Structure formats: C-alpha cells, structure tokens
Amino acid sequence: MHFLATKRAQEDGDLEPWSGRQVSQFQKNQQLVPETHRQLYELAVNKLVDLKHWLERGNDSPWKTWRRVTDEIEMRTNIAGWLRGHSQDRYTTAEEPELANSQRMDIWLQNSNVTSPVPIELKLLDKQWSGPELCERLRNQLAGDYLREEGAGCGVFLLVAGEVAQGKRWEIGGQRVGLNNLGYALESYWSSIAMDYPGVNSIAVIVIDLNLRGHVSQS
C-alpha cells in the first residue's frame, strides 16, 4: 500500500504543464499532441492501458486469437499495428529500429515534435522468463541500453501472458509472486535500483493477461 501510494503521488506530481497551443488543441478535439518526451511517454502508457483493458475486459476482445500467438515477432506486429491504428496522428510507430550499437528495440513511439522516441520492450511470458531474467532485461536492456540517450528518460516494459501455467510464480526481490502481482513487483524492483540510473525518469510495467476475458463469474 505504501509503494502504491508513493507511486500515485509521484505520477500526480510529475505532470508537465501544457503549452497554450496544447490547451487550444485539447479544447477543439479532446486530444493532446505531445511536445515533450514525457508527454509522449504518458500517451504511450495510456494507449497500452487501453489495449490491456480491451483484451482483458472488452466485449469484442480477440483474446483467443491473440493467445494463439507464440512468436514474439508476431505479437510485436499485433501490438504495433493496434497502436498505429489508434494513434489519431499523435505519434508514429516503428518495429525493431536499430540503434548505434546494433541493438534493436521491439517497438518505439515517436513524434516529430519530440527529440527522443519512447521505447516499448516486449516479453512473452509464455517463453518461460524467470523472475531474475525479467529483472535483468528491465535493468540492462531497457534502462541501461535503450534509455541511455540524453533526453530519453522514459520507457515501457510490456509483458504479455498467454499459455502461462496456472499457479506460475516468479521470484522478484526475494519474493515469489503470481501473475496478478508481477507488474507491481517489477515496478517495486525498479524503484529499488532507480537511483543507479539518474538519467532514467520513469519506467512503466504493464502486464496483459490474455486469459482474463475467458473467466466466467461464479458468484
């Protein structure tokens, strides 16, 4: 509870002021065109949360189709395509753009008004990722490599669960957690090491469970 309260306070306190042009744009069409890296990141998080809610709770959720995807490349294409289709001209997406050290991000969101793109690192939990492996990828790949550019301080760690065994547990920070608490555990882990990465401002962990929409109420 203390971690969640602190996280909520940080999120509420980190909102950037809008420019006069952005206020005018929002008044006209209820859309905000990002002008900073932080605003582009917040837009990316909001869009991915919308995707999560649609897949997990939507009446027309294609969860069965998405759950049959076992290849990370195909899942990446599905997610990038959905983001592209819901961009409303506020961002563009790219898959596996190559960096100067020959590494490739899974997905990034960019806008011509913003210098640095927002990276989205995707992991399929069906691939038997362990807790320490997820922590290492969050720490070294996303924070250590993809966010090293000055001004690129925000990124998303996106986890998708399809055919994950019931009762599966991951060891994060000395505790064994289930799928429902995996996102909170990884964000807590990041909070514990964030001081070692002063150039990284925020990392969001989003977990999409493709099995939730198939549950039937038993009350």
Side-chain angles (χ1 to χ4, degrees), residues 7-52 72-73 75-123 136-159 183 186-187 190-191 193-206:
K7 182 174 180 291
R8 180 74 260 177
Q10 290 173 342
E11 291 174 348
D12 290 345
D14 285 343
L15 297 179
E16 292 186 342
W18 292 3
S19 67
R21 185 163 67 91
Q22 287 177 306
V23 173
S24 177
Q25 288 173 342
F26 191 80
Q27 182 182 12
K28 290 178 180 179
N29 52 30
Q30 299 299 297
Q31 296 181 19
L32 177 70
V33 178
E35 295 182 349
T36 68
H37 177 76
R38 179 75 189 208
Q39 290 174 353
L40 182 59
Y41 161 74
E42 290 169 353
L43 178 57
V45 171
N46 288 337
K47 286 297 179 182
L48 289 171
V49 169
D50 288 343
L51 173 60
K52 171 182 171 70
E72 191 170 288
I73 295 175
M75 182 63 73
R76 185 184 67 222
T77 299
N78 285 349
I79 293 170
W82 188 92
L83 288 169
R84 190 177 301 113
H86 291 78
S87 69
Q88 298 173 299
D89 296 324
R90 290 181 289 172
Y91 59 80
T92 58
T93 63
E95 296 180 54
E96 285 205 313
E98 186 171 357
L99 305 181
N101 60 356
S102 298
Q103 288 185 316
R104 294 180 180 272
M105 300 178 186
D106 283 324
I107 304 170
W108 78 9
L109 265 61
Q110 54 191 350
N111 182 287
S112 59
N113 298 322
V114 180
T115 302
S116 297
V118 173
I120 301 171
E121 180 57 24
L122 169 67
K123 298 299 179 196
E136 188 274 331
R137 293 291 81 190
L138 172 62
R139 181 180 67 249
N140 290 329
Q141 193 172 32
L142 183 55
D145 286 324
Y146 298 164
L147 295 177
R148 68 171 62 179
E149 181 180 61
E150 185 176 357
C154 303
V156 181
F157 200 51
L158 178 62
L159 309 177
L186 285 169
E187 288 191 344
W190 167 247
S191 296
I193 64 169
M195 66 184 70
D196 298 326
Y197 298 85
V200 179
N201 297 321
S202 182
I203 288 180
V205 181
I206 298 175

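What you see is a predicted model, and the numbers here were worked out from it, not measured in a lab.
Smallest separation of non-hydrogen atoms from Leu147 and Pro119: CD2-CG, 3.5 Å. The two residues Val118 and Ala44 come nearest to each other via the heavy atoms CG1-CB, 4.3 Å. Ser202 and Tyr41 make their closest contact through OG-OH, 2.8 Å (heavy atoms, listed as atom of the first residue, atom of the second, distance). When all heavy atoms of Leu109 and Leu40 are compared, the pair lying nearest together is O-CD2, 3.5 Å. Annotation for Arg148 and Gly144: closest pair NE-O, 3.7 Å, computed over non-hydrogen atoms. Across all non-hydrogen atoms, the minimal contact from Ser116 to Ala152 is CB-CB, 3.6 Å.
Taking the ring centroids of Tyr197 and Trp190, they lie under the 6.0 Å cut-off.
Salt-bridge check for Arg38 with Glu42: passed, with a basic side-chain N closer than 4.0 Å to an acidic carboxylate O.
The CD atom of Glu136 lies 7.5 Å from the CD atom of Gln141; values are rounded to the nearest 0.5 Å. Going from atom CH2 of Trp108 over to atom CD of Glu96 covers 12.5 Å, rounded to the nearest 0.5 Å. For the atom pair CG of Leu138 and CZ of Phe157, the computed distance is 5.5 Å after rounding to the nearest 0.5 Å. Atom CD1 of Ile206 sits about 8.0 Å away from atom CD1 of Ile120, to the nearest 0.5 Å. Here the CG atom belonging to Leu186 is positioned 13.5 Å from the CZ atom belonging to Arg137, to the nearest 0.5 angstrom. Put simply, CD1 on Ile107 and CD1 on Ile79 are 5.0 Å apart, with the number rounded to the nearest 0.5 Å.
Side chain of Tyr91 to backbone of Arg84: no donor-acceptor contact under 3.5 angstrom is found. Under a 3.5 Å cut-off, the side chain of His37 and the backbone N or O of Cys154 do form a donor-acceptor pair. Of the possible polar contacts, one joining the Glu187 side chain to the Val205 backbone as a donor-acceptor pair under 3.5 Å is found.
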Verdict with supporting geometry, Arg90 and Leu43, side chain to side chain contact (heavy atoms under 4.5 Å, CB included)
CA-CA 9 Å; Arg90 290 181 289 172; Leu43 178 57; 3.6 Å; yes

Let me see the working for Glu72 and Asp106 under side chain to side chain contact (heavy atoms under 4.5 Å, CB included), right down to the final yes or no.
CA-CA 9 Å; Glu72 191 170 288; Asp106 283 324; 4.0 Å; yes

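Residues that satisfy the side-chain hydrogen bond (donor to acceptor under 3.5 Å, both in side chains) test with Glu121, not counting sequence neighbours, are Lys123.
The shortest distance between side-chain heavy atoms of Met75 and Leu122 falls below 4.5 Å. The shortest side-chain heavy-atom distance between Val33 and Asp89 does not fall under the 4.5 Å cut-off.
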